[in-house]
Amino acid sequence: MPTTLSDKHLQGFLGSDEYVGIAPAVKAAHEALHSGKGLGNDFIGWLNLPTDYDKDEFARIKVAAEKIKSNSDIFVVIGIGGSYLGARAAIEFIKSPNYNALCKDTPQIYYTGNSISSNALAELLEICEGKDVSINMISKSGTTTEPAIAFRVFREMLEKKYGKDGAKDRIFCTTDKARGTLKQLADREGYETFVVPDDVGGRYSVLTAVGLLPIAVSGADIDALMQGARDAQDKFADPDLDKNDCYKYAAIRNMLYNKGKTTEILVSYEPAFTLMNEWFKQLYGESEGKDQKGIFPASVIFSTDLHSMGQYIQDGRRNLFETVVLFDSVQREIKLGTDPENVDGLNFLSGKTMEFVNRKAFEGTVLAHNDGGVPNVVLTVDKMDEYNLGYLIYFFEKACAISGYILGVNPFNQPGVESYKKNMFALLGKPGYEDQKAALEARLK
Ligand code: PA5
């Protein structure tokens, strides 16, 4: 099974009656989601996306990826939030965080438009000097400031380098199918466009062109990715809590939250999972953190962070639970040799694999954290490949929706994200925000 849940390390924290108690809420959440009558029901296109997606566009994504691979040394992905994290997380998970150093027949991939740092943007422009570059501007709304600024800079750079016509061939836009300034601009300039479906919100969009084009450019197999998601869609359609690990995870989160476990730490023992942690935090934080409710999603990579956050987790405020993502097998194995002099005292590990040591680190940690009062959910995934990633992505997306419904929030909107934008626009002097500007400036004095 590509992703399975173990509640073994929840013993002593949750009783079997509690599962019975929450089952009706899970059933109601399932019905709300599948009937399309729940909160935010105009954003549930991701639910059937693995089976119900635009096959022509999928083919076009593969063609565009081949073109980019054949004519580019560097591919720049411009986007923020849901228009950025999924693609990067998938590429680092499937390929490596060191993808750019290792890639041979595919372009290096860089990400921009995910901050307003001029240092970061200037550095990337420098990296691109003397290289053949293509870009993918990704923005559902087409108006998000961070990627819009980076896009303006990169368009100018490409037009200077290749001329308007040449640049046209290297600019790919992923946006709304009909609305928004990006769509208008792309149509006017003749850029190839891909669609973020109306009914799929940013953080649920990694299996649309938003994620698929960059993932395909990295040389990863997007057919296998979608197959994994399809199998998960099928597997996690069962309304029975006992038979559905995805629903069990959603239920456990809510049961722990109701007992004061208000922070969830997603844990992996694989550094290549770091960006998946970020993707997860966006998905759950933006979906559940509203109406003064919601679990705060945090993340760590072990054993790295056992030497930093490990102290807090073992011994700090007891409002935590951990969700550990383990992998059954590793792609590359290292076996430890024997040192005749045993200078480092490590001969007790001779002949053992690093994966074995990593597993013992997990086993020791989960028991220590349990002893420290931290419940652990354990998700086991077969391995780090496209198929298992598609499966895991769908698992987390569906669990997030069900969990949000159990919590009683709309898991598909993000009203809180607008507040900083309004203030920033006012302070920057954007037309239409004149009244707020003076009031905000007075508060900053
Ligand atoms: O999940 C979301 O909806 C957000 O994180 C968006 O993806 C993010 O704000 C970027 O929006 P857009 O794609 O419109 O530029």
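Just so we're clear, the structure is a prediction, and the values are computed from it rather than from any experiment. Read the numbers this way: they start at 1 and go in the same order the structure lists the ligands and their atoms.
- Aromatic ring centroids of Phe395 and Tyr249 lie under 6.0 Å apart.
- Numbered from 1 in the order shown, with element, the atoms of ligand 1 that lie under 4.0 Å from a heavy atom of Gln414 read 3 (O).
- The atoms of ligand 1 that sit less than 4.0 Å from any heavy atom of Ser83 are 7 (O), 12 (P), 13 (O).
- Given atom 2 (C) of ligand 1, the protein heavy atom at minimum distance is Glu286 OE1, 3.6 Å.
- Closest to atom 8 (C) of ligand 1, if we only count protein heavy atoms, is Ile80 O, 3.6 Å.
- In terms of protein heavy atoms, atom 12 (P) of ligand 1 is closest to Thr144 OG1, 3.3 Å.
- Close contacts between ligand 1 and Ser141 involve ligand atoms 12 (P), 14 (O), 15 (O) [criterion: under 4.0 Å to a heavy atom].
- Of all protein heavy atoms, the one closest to atom 3 (O) of ligand 1 is Gly202 N, 3.5 Å.
- Looking only at side-chain heavy atoms (C-beta outward), Asp176 and Asp198 come within less than 4.5 Å of each other.
- With Lys421, Arg203, Gln282, Met137 as candidates, the residue nearest to atom 5 (O) of ligand 1 on a non-hydrogen basis is Gln282.
- For Lys398 and Phe396, the positive end is not near the middle of the six-membered ring at less than 6.0 Å and at most 45° from its axis.
- The shortest side-chain heavy-atom distance between Thr208 and Lys140 does not fall under the 4.5 Å cut-off.
- Distances from atom 7 (O) of ligand 1 to the heavy atoms of Gly82, Gly113, Gly142 show the closest one on Gly82.
- Paired with Glu288 under the rule salt bridge (charged side-chain N to carboxylate O under 4.0 Å, His left out), one option of Lys293, Arg253, Lys281 passes, and it is Arg253.
- Ring centers of Phe93 and Phe327: under 6.0 Å apart, within the cut-off.
- If you run side-chain hydrogen bond (donor to acceptor under 3.5 Å, both in side chains) between Glu189 and each of Lys164, Lys168, Arg155, only Lys164 comes through.
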